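Beneath this line is the structure, given in structure tokens, with notes to follow.
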Amino acid sequence: MTQRYFLAKPPDENHSATLEGDEARHLTKVMRKKIGEEVFLFDGSGLEYRAAVAEIGRDRVKLLIRESRQSHLERTVPLTLATALPKGERQKWLIEKLTELGCTKVIPLHTELSVCKADEQVVQRLRRHVIEASKQCGRSRLMEIGAQADFETLLASFDSEQNTANLLIHPISDENVGQTDIYDWVAESRHSPPGAINVLIGPEGGFSPREVRCALDRHWIPLDLGPRVLRTETAAMTVCAVLSAFR
């Protein structure tokens, strides 16, 4: 895998780009790149660049863009995953894997049984994890991290979206909810794929009965992931991987 660097700002009209801070130090101190050597850059918009090192400063590297191109690694069916966050370092693992699997957007979800809250500091940390994971996996468009949303507000915000599949991931043990296996739903839907997919995943304790009823009343499709109990981050990764059938 070619070493890639993230541009906080896109190149200017003179085809010049600048790396600063940690990215610049990594290029010069760790990778020991010299003037004239080529590197690969991306700015999070979907564009990636082949560039040459032009100037090296203490915490700043200027580069000359030699070629730019559009990345083609993104899903054609956008996937938004609204999920309760796990605790501690499992948050980093969750964001890393969802980035690798091509998720389009993650919204931290606050529910009745949530144990973690995502304030602005947490959201900014998650966005940094996205950049690091994107550098490794080859994505040039950053997975978006939205602000934390509460359950009912989020449901209302999705109501107006057209040609979108709204999926509620809910344990199969709840006998009061008529569920479909996610693999069966994918097989049936591939003949007429949605234009976009929204998914709700709850915390370790799942969604409350009131939340489930609220989602069903708004015509969300309840899906299960099988008989075993999965952690929140495992469920999110499983859903994202299975829904890769919609490329």
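From a predicted model like this one, the values you see are computed outputs, not experimental measurements. Sequence positions, counted from 1, serve as the residue numbers for this chain.
- The shortest distance between side-chain heavy atoms of Leu243 and Ile197 falls below 4.5 Å.
- Between Glu37 and Lys34 there is no salt bridge, since none of the side-chain N atoms of the basic residue sits less than 4.0 Å from a carboxylate O of the acidic one.
- Ring to ring, Phe42 and Phe6 are close: their centroids are under 6.0 angstrom apart.
- Taking OH from Tyr5 and NZ from Lys33, the interatomic distance works out to 6.0 Å, rounded to the nearest 0.5 Å.
- Using a cut-off of 4.0 Å between Lys/Arg side-chain N and Asp/Glu carboxylate O, Arg139 and Glu96 are scored as not salt-bridged.
- With respect to the salt-bridge test (charged N to carboxylate O, under 4.0 angstrom), the residues Glu132 and Arg127 do not qualify.
- Interatomic distance, Arg69 CZ to Glu48 CD, rounded to the nearest 0.5 Å: 4.5 Å.
- Ser140 has its side chain out of reach of Gln70: every pair of non-hydrogen atoms, C-beta onward, lies at least 4.5 Å apart.
- Note that the NE2 atom of His170 and the CG atom of Leu216 stand 8.0 Å from one another [nearest 0.5 Å].
- Taken from CE in Met237 to CG in Leu81, the straight-line distance is 12.0 Å, to the nearest 0.5 Å.
- Side-chain contact between Tyr49 and Leu63 is absent, with no heavy atoms from C-beta onward closer than 4.5 Å.
- A continuous path of Ile, Leu, Val, Met, Phe, Trp and Tyr side chains, each step under 4.5 Å between heavy atoms, connects Ile56 with Leu41, placing both in one hydrophobic cluster.
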Take Glu233 and Arg90, measure what salt bridge (Lys or Arg N to Asp or Glu O under 4.0 Å) needs, and give me the verdict at the end.
-> CA-CA 7 Å; Glu233 66 273 21; Arg90 288 158 54 197; 2.8 Å; yes
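- Taken from CZ in Arg60 to OG1 in Thr18, the straight-line distance is 4.5 Å, to the nearest 0.5 Å.
- In this structure a side-chain-to-backbone donor-acceptor pair under 3.5 Å is missing from Glu112 to Ser208.
- Rounding to the nearest 0.5 angstrom, the gap separating the OG1 atom in Thr153 from the NE2 atom in His110 is 10.5 Å.
- When side chains are defined from C-beta on, Lys105 does not count as touching Met143, because their heavy atoms never get closer than 4.5 Å.
- Applying the salt bridge (Lys or Arg N to Asp or Glu O under 4.0 Å) criterion to Arg125, with sequence neighbours excluded, gives no partner residue.
- Between the side chains of Asn14 and Ser16, no donor N or O sits under 3.5 Å from an acceptor N or O.
- Side chains of Arg210 and Glu152 form a contact here, defined as non-hydrogen atoms less than 4.5 Å apart.
- Using a cut-off of 4.0 Å between Lys/Arg side-chain N and Asp/Glu carboxylate O, Asp59 and Arg25 are scored as salt-bridged.
- In this structure, the side chains of Leu79 and Phe246 stay at 4.5 Å or more apart for every pair of heavy atoms.
- A continuous path of hydrophobic side-chain contacts links Val212 to Phe158 [ILVMFWY only; heavy atoms under 4.5 Å].
- At least one side-chain heavy atom of Cys116 sits under 4.5 Å from a side-chain heavy atom of Gln91.
- Listed for the Asp12 side chain is a donor-acceptor partner under 3.5 Å among the backbone atoms of His15.
- The aromatic ring centres of Phe151 and Phe207 sit less than 6.0 Å apart.
- Qualifying side-chain contact (heavy atoms from CB on, under 4.5 Å) partners for Leu223, counting only residues two or more places apart in sequence or in other chains: Leu167, Ile169, Thr180, Ile182, Trp185, Ile221.
- Residues Arg75 and Ser244 bring a donor and an acceptor atom of their side chains to less than 3.5 Å of each other.
- In this structure a side-chain-to-backbone donor-acceptor pair under 3.5 Å is missing from Thr234 to Leu230.
- Arg4 places a side-chain N or O within donor-acceptor distance of the main-chain N or O of Ser134, the cut-off being under 3.5 Å.
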